[in-house]
Amino acid sequence: MAFKGLGVLPDVVTYNALVDANCRFVGIDAAYAVVRRMQVAGIKPNVITYNSLLAGASRDFRLSLSLDIFEEMLELGISPDLWSFNTLMHCFFRLGKPDEAYRVFRDIILNDLRPDKTSFNTLLNGLCRNGYTDNALMLYRNLKRHGCELELITYNILIDGLCKAGRLKAARWILKELGDSCYIPNAITYTTVLKCCFRCRQFEEGLEVFWEMKSKGYTFDAFAYCTVAGAFAKKGRLKEANDCMEVMLDSGITPDIVSYNTLMNIYCKEGKFEAASELLNKMENEGFECDHYTHTILVDGLCKAGNLEGAQRHLQIKSSTVFSTNLAAYNSLLDGMYKAGHAKHAMKLFKLMKIKDEFTYSSMVHNLCKERKFRTASRLLLSCLKNGMNILKSAERAVIRGVRDSGFRKDARKLQTKIRMAKILRNLISTLDSGNLTWMQLIDFGMLQCKGFQNPPFLIKKNY
DNA sequence: CTAGGGTTAG
């Protein structure tokens with residue numbers, strides 16, 4: 001090895017740096033190769049080595065690999081520390097497995113490790129992202145009540161989670177509490193609130209926040225610029241969206257994949273497909289991999305421009321590779337087909353689609369109503385609700401109004417009752433699924449840990 | 001070595 005020439009031999013710290021760098025910049029497999037090499041060199045990996053691997057697998061959404069790494073760690077006699085558990089918990093939450101994540105949290109306690117601020121921040125974020133905003137709020141309140149020190153990041157997590165769940169009032173409340181705390185909102189807080197305003201169609205308020213952020217001298221990064229440009233683009237204010245991105249590029253920020261996607265979206269909406277294609281080349285030259293946003297933006301843009309063949313061709317190329325499950329792109333194509341007058345083809349595609357979501361159904365229902373096919377529309381609407389999904393309120397209204405106005409007042413009333421029943425059933429099922437009871441236990445138990453009590457093993461045995 | 005913000009489809 002090169003080190004030998006210097007008379008210095010690499011030790012575990014050297015290798016750990018190498019493993020972590022490989023995880024971040026090359027890939028988990030390359031990192032694993034380093035681990036094999038260090039074992040050959042007679043150096044034993046330690047908990048830090050494995051934590052790096054775990055984080056790498058988690059970043060790549062490779063759940064089974066994370067579990068393998070964890071198991072391998074145990075087999076080697078390396079006992080996982082709090083960081084290992086935090087990473088694993090985060091991994092499960094990201095994969096939409098809150099119950100597994102909860103089990104990890106329990107393991108932290110069972111292993112006599114005290115959850116730290118990161119554990120609770122990860123927990124709060126994971127709860128929000130998996131539809132447990134109420135529990136997240138409860139946890140936050142309890143943490144506060146017990147005098148736990150909160151961090152700015154805790155507020156940011158909650159504000160974002162509540163906004164994304166559409167709970168604007170609660171988000172505002174937390175924002176107010178942040179104002180009363182010892183923290184000053186940072187750029188992340190501002191971007192979060194900005195995004196929230198745009199989501200709730202409070203466009204002017206969003207721009208006000210934007211100016212306030214500027215006047216307070218916060219440095220704008222790609223996150224802030226793309227949020228604002230994306231909002232402008234959605235509103236159809238393409239000139240302003242373009243200007244925003246120009247300012248960003250002029251300020252010397254190197255565009256990343258999201259910035260390029262934002263630009264691509266603007267070009268497609270402007271109908272500038274040549275510029276879009278040039279941008280695509282530029283991205284590829286700079287070594288960027290197009291992600292499913294890029295492809296969706298292109299497919300949707302082509303559909304809206306009336307180029308259904310182009311969109312279909314693009315999808316076919318991509319579906320042979322990694323994008324066979326790009327639901328958003330298929331939804332775009334479905335809607336585009338219908339709007340272009342190919343109702344039969346659209347229906348065929350709809351039936352072929354194995355995965356559907358509320359976008360799929362809402363778009364179909366809207367288009368069917370325009371065609372005055374209210375029977376089919378109401379059938380689809382009900383099956384959407386029965387599958388546990390939401391449907392756009394406007395789609396629901398269109399069907400009911402359509403049935404009623406075509407002279408079937410009784411049927412319209414019947415449909416309304418059916419919709420109500422389907423919704424009640426859906427909510428019941430989701431309450432059962434959420435298993436609120438375990439979460440309550442978890443939260444009460446978390447309090448004891450955070451308050452500064454020693455681990456009470458008797459309590460663990462009693463409760464679990 | 002772990003946690004937070006940005007881009008797509010009705």
task: Rounded off to whole Å, could you give me the OH-to-P distance for the A:Tyr50 and B:dC1 pair?
output: 18 Å

- prompt: Nearest-Å distance, NE2 (A:His366) to C1' (B:dA9)?
  reply: 13 Å

message: Taking atom types as they are modelled, would you say the side chain of A:Thr192 forms a donor-acceptor pair with the base of B:dG5 within the 3.5 Å cutoff?
response: no

query: When you check the phosphate oxygens OP1 and OP2 of B:dA3, does a side-chain N or O of A:Arg59 lie under 4.0 Å from one of them?
result: no

field: Side chain of A:Ser259 (C-beta onward), nearest among B:dA9, B:dG4, B:dG6
entry: B:dG6

message: From C-beta outward on A:Thr118, which listed nucleotide comes closest to its side chain: B:dA9, B:dG4, B:dA3?
response: B:dA3

statement: Regarding the side chain of A:Arg24, the nearest nucleotide among B:dA3, B:dG6, B:dC1 is B:dC1

message: According to a cutoff of under 5.5 Å between the ring centres and under 30° between the ring planes, does A:Trp83 stack with the base of B:dT2?
response: yes

- request: Whole angstrom is fine here: how far is it from CD1 in A:Ile157 over to P in B:dT2?
  value: 15 Å

- request: Go through the side-chain N and O atoms of A:Asn186 and A:Thr189 and say whether any donor and acceptor fall under 3.5 Å apart.
  value: yes

- line: Output for pair (A:Lys144 NZ, A:Leu150 CG), nearest 0.5 Å, gives 6.5 Å

statement: Between CG of A:Leu54 and P of B:dA3 the distance, given in whole Å, is 12 Å

- prompt: Separation of A:Leu334 atom CG from B:dT8 atom P, in whole Å?
  reply: 20 Å

task: Give a yes or no on whether a donor-acceptor pair under 3.5 Å exists between the nucleobase atoms of B:dG5, that is its base, and the side chain of A:Asn186.
output: no

- request: May I ask you to say what A:Ser119 touches in the nucleic acid, namely base, sugar-phosphate or nothing, with a heavy-atom cut-off under 4.0 Å?
  value: nothing

- prompt: Any Lys/Arg nitrogen of A:Glu278 or A:Lys282 sitting under 4.0 Å from an Asp/Glu carboxylate oxygen of the other?
  reply: no

Residue-phosphate contact under 4.0 Å: A:Lys304 side-chain N/O, B:dG10 OP1/OP2: yes

task: Give a yes-or-no answer on whether the side chains of A:Thr118 and A:Asn121 include a donor-acceptor pair shorter than 3.5 Å.
output: no

task: Find the distance A:Leu123:CG to B:dT2:C1' and express it as a whole number of Å.
output: 14 Å

message: So if I take every side-chain heavy atom of A:Glu358 and compare against B:dG5, B:dG4, B:dG10, which nucleotide ends up nearest?
response: B:dG10

message: Output the rounded distance in Å from CG (A:Asn390) to C1' (B:dG10).
response: 13 Å

- prompt: Is a donor-acceptor pair below 3.5 Å formed from side chain A:Ser363 to base B:dG10, judging by atom type as modelled?
  reply: no

Any A:Lys356 side-chain N or O less than 4.0 Å from OP1/OP2 of B:dG10: no

- prompt: A:Asn125 side chain N/O closer than 4.0 Å to the phosphate oxygens (OP1, OP2) of B:dG4?
  reply: yes

- request: Would you state whether a donor and an acceptor, one from the side chain of A:Asp221 and one from the base of B:dG5, lie under 3.5 Å apart?
  value: yes

- prompt: Is the backbone N or O of A:Leu110 less than 3.5 Å from a side-chain atom of A:Asp107, with the two atoms forming a donor-acceptor pair by type?
  reply: no

field: Proximal nucleotide (of B:dG4, B:dA9, B:dG6) relative to the A:Lys195 side chain
entry: B:dG6

message: Quick check on B:dG4: is either OP1 or OP2 less than 4.0 Å from any side-chain nitrogen or oxygen of A:Lys117?
response: no

query: Pick one: which of A:Arg129, A:Lys195, A:Arg199 meets salt bridge (charged side-chain N to carboxylate O under 4.0 Å, His left out) with A:Asp160?
result: A:Arg129

field: Side-chain H-bond candidate by donor/acceptor type, A:Arg94 with A:Ser58, under 3.5 Å
entry: no

field: Residue A:Val258, side-chain atoms from C-beta onward, closest of B:dT7, B:dG4, B:dA9
entry: B:dT7

query: Quick one: does A:Thr296 reach the base of B:dT8 with a side-chain donor-acceptor pair under 3.5 Å?
result: yes

- prompt: Within the structure, does a side-chain N or O atom of A:His90 lie under 4.0 Å from either OP1 or OP2 of B:dT2?
  reply: no

- prompt: A:Asp357 has a side chain; which of B:dA9, B:dT2, B:dG6 sits nearest to it?
  reply: B:dA9

- line: Between OH of A:Tyr330 and P of B:dT8 the distance, given in whole Å, is 21 Å

